Amino acid sequence: MIVNALESMIKTLSRLPGVGTKSATRIAYFLLKTDRRFTESLAEQIRTLKDKMKRCSVCGAYSETDPCPVCTDESRERRMMCVVEESVDVTTIEATGAYRGPYHVLHGTIAPLDGVGPEDLPIAGLLSRMESEQTEELVIA
């Protein structure tokens, strides 16, 4: 079976979360119709994102700096820590302005049916941080 460039792009785009075949098809055709500068800029931004963003060595959130701005913010309430599933959860909670403590990102959940156990997540790092930072309150978000 021969797959052309359009079919390949649709298949790739449909791997994005929340993007099914129908949406992927619309996006692919949009990219075909739009000017070359836009598609080149999009491609460059994807490359830059992968090159510049890394996981913070302290909390695990994605950031251009290590440690991240949240971990280096001295005004944070250090007696508490918020545990989140993914880095995007940090962004969501930060947008509310309601929480002012540090975070710990697990980058997944325990899923025995998928073969993901506690040893596959940075739970040991969380326990170590809680002890070293003398955390009094743990918020599970």
Side-chain angles (χ1 to χ4, degrees), residues 1 3-141:
M1 180 173 147
V3 178
N4 66 34
L6 180 60
E7 292 168 336
S8 179
M9 175 59 76
I10 291 168
K11 186 176 179 180
T12 299
L13 290 170
S14 67
R15 291 182 55 200
L16 295 170
V19 178
T21 305
K22 200 172 185 179
S23 293
T25 301
R26 265 194 313 275
I27 295 168
Y29 276 98
F30 168 81
L31 293 172
L32 279 173
K33 289 191 296 186
T34 193
D35 64 281
R36 186 172 197 83
R37 284 177 300 182
F38 176 82
T39 56
E40 288 174 354
S41 174
L42 178 62
E44 181 57 31
Q45 287 176 35
I46 292 169
R47 272 191 296 279
T48 299
L49 179 72
K50 292 296 287 180
D51 290 342
K52 289 191 174 193
M53 299 301 287
K54 53 192 147 287
R55 286 185 184 178
C56 172
S57 60
V58 178
C59 71
Y62 288 113
S63 173
E64 285 190 24
T65 60
D66 187 23
C68 72
V70 172
C71 288
T72 57
D73 183 352
E74 295 296 324
S75 69
R76 293 273 167 175
E77 175 58 56
R78 298 291 172 181
R79 66 175 186 78
M80 61 175 54
M81 186 177 305
C82 183
V83 179
V84 296
E85 181 181 346
E86 297 292 344
S87 192
V88 66
D89 300 322
V90 173
T91 304
T92 302
I93 294 169
E94 282 295 292
T96 70
Y99 176 76
R100 292 292 305 151
Y103 296 88
H104 189 83
V105 182
L106 295 177
H107 291 283
T109 58
I110 297 171
L113 295 177
D114 296 328
V116 180
E119 66 281 353
D120 299 311
L121 301 175
I123 295 173
L126 168 63
L127 298 174
S128 175
R129 276 187 72 201
M130 288 177 62
E131 186 176 319
S132 68
E133 296 178 21
Q134 300 177 343
T135 304
E136 297 174 19
E137 183 179 345
L138 189 64
V139 178
I140 308 292

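It should be emphasised that the depicted structure is a prediction, and the values quoted were computed from it without experimental measurement.
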Please report, to 0.1 Å, the donor-acceptor pairs under 3.5 Å made by any side chain of residues 13-24, with sequence neighbours excluded.
unit_1, atom_1, unit_2, atom_2, d
Ser14, OG, Ile10, O, 3.3
Ser14, OG, Lys11, O, 2.8
Ser23, OG, Arg26, NH2, 3.2

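- Two residues are said to be in side-chain contact when any heavy atoms from C-beta on lie closer than 4.5 Å; Thr65 and Thr72 fail this criterion.
- Side-chain contact between Leu106 and Ile123 is present, with at least one heavy-atom pair separated by less than 4.5 Å.
- Proximity of Leu138 to Met81: side-chain heavy atoms (C-beta onward) are separated by under 4.5 Å at one or more points.
- Between Ile93 and Cys82, the closest side-chain pair of non-hydrogen atoms falls below 4.5 Å.
- The minimum heavy-atom distance linking Val90 with Ala61 is given by the pair CG2-CB, 4.4 Å.
- Rounded to the nearest 0.5 Å, atoms CD (Glu94) and OG1 (Thr96) are 7.5 Å apart.
- Environment of CE in Met80: crowded, with over 12 heavy atoms of neighbouring residues, nucleotides or ligands closer than 6.0 Å.
- Summarising the geometry, atom OG1 belonging to Thr12 is positioned 11.5 Å from atom CD belonging to Glu7; distances are rounded to the nearest 0.5 Å.
- For the pair Cys59 and Pro102, the minimum side-chain heavy-atom distance is 4.5 Å or more.
- Between Glu44 and Arg47 there is a salt bridge, with a side-chain nitrogen of the basic residue lying less than 4.0 Å from a carboxylate oxygen of the acidic one.
- For the atom pair OG1 (Thr109) and CD (Glu86), the distance works out to 8.0 Å, reported to the nearest 0.5 Å.
- Met53 approaches Tyr62 most closely through the heavy-atom pair CE-C, 3.8 Å.
- Side chain of Lys54 to main chain of Glu64: a donor-acceptor pair is present (N/O by atom type, distance under 3.5 Å, no hydrogens or angles).
- The minimum heavy-atom distance linking His107 with Ser87 is given by the pair CE1-CB, 4.3 Å.
- Applying the side-chain hydrogen bond (donor to acceptor under 3.5 Å, both in side chains) rule to pairs touching residues 115-141 yields Arg79-Glu137, His104-Arg129, Arg129-Glu133, sequence neighbours excluded.
- Here the closest heavy-atom approach between residue Cys56 and residue Cys71 is recorded as SG-SG, 3.8 Å.
- The backbone N or O of Arg37 sits less than 3.5 Å from a side-chain atom of Asp35, completing a donor-acceptor pair.
- A pairwise comparison of heavy atoms in Leu6 and Ala28 identifies CD1-CB, 3.7 Å as the closest pair.
- Note: Thr39 OG1 to Phe30 CZ = 9.5 Å, rounded to the nearest 0.5 Å.
- Across every non-hydrogen atom of Asp66 and Val58, the tightest pair is OD1-N, 4.5 Å.
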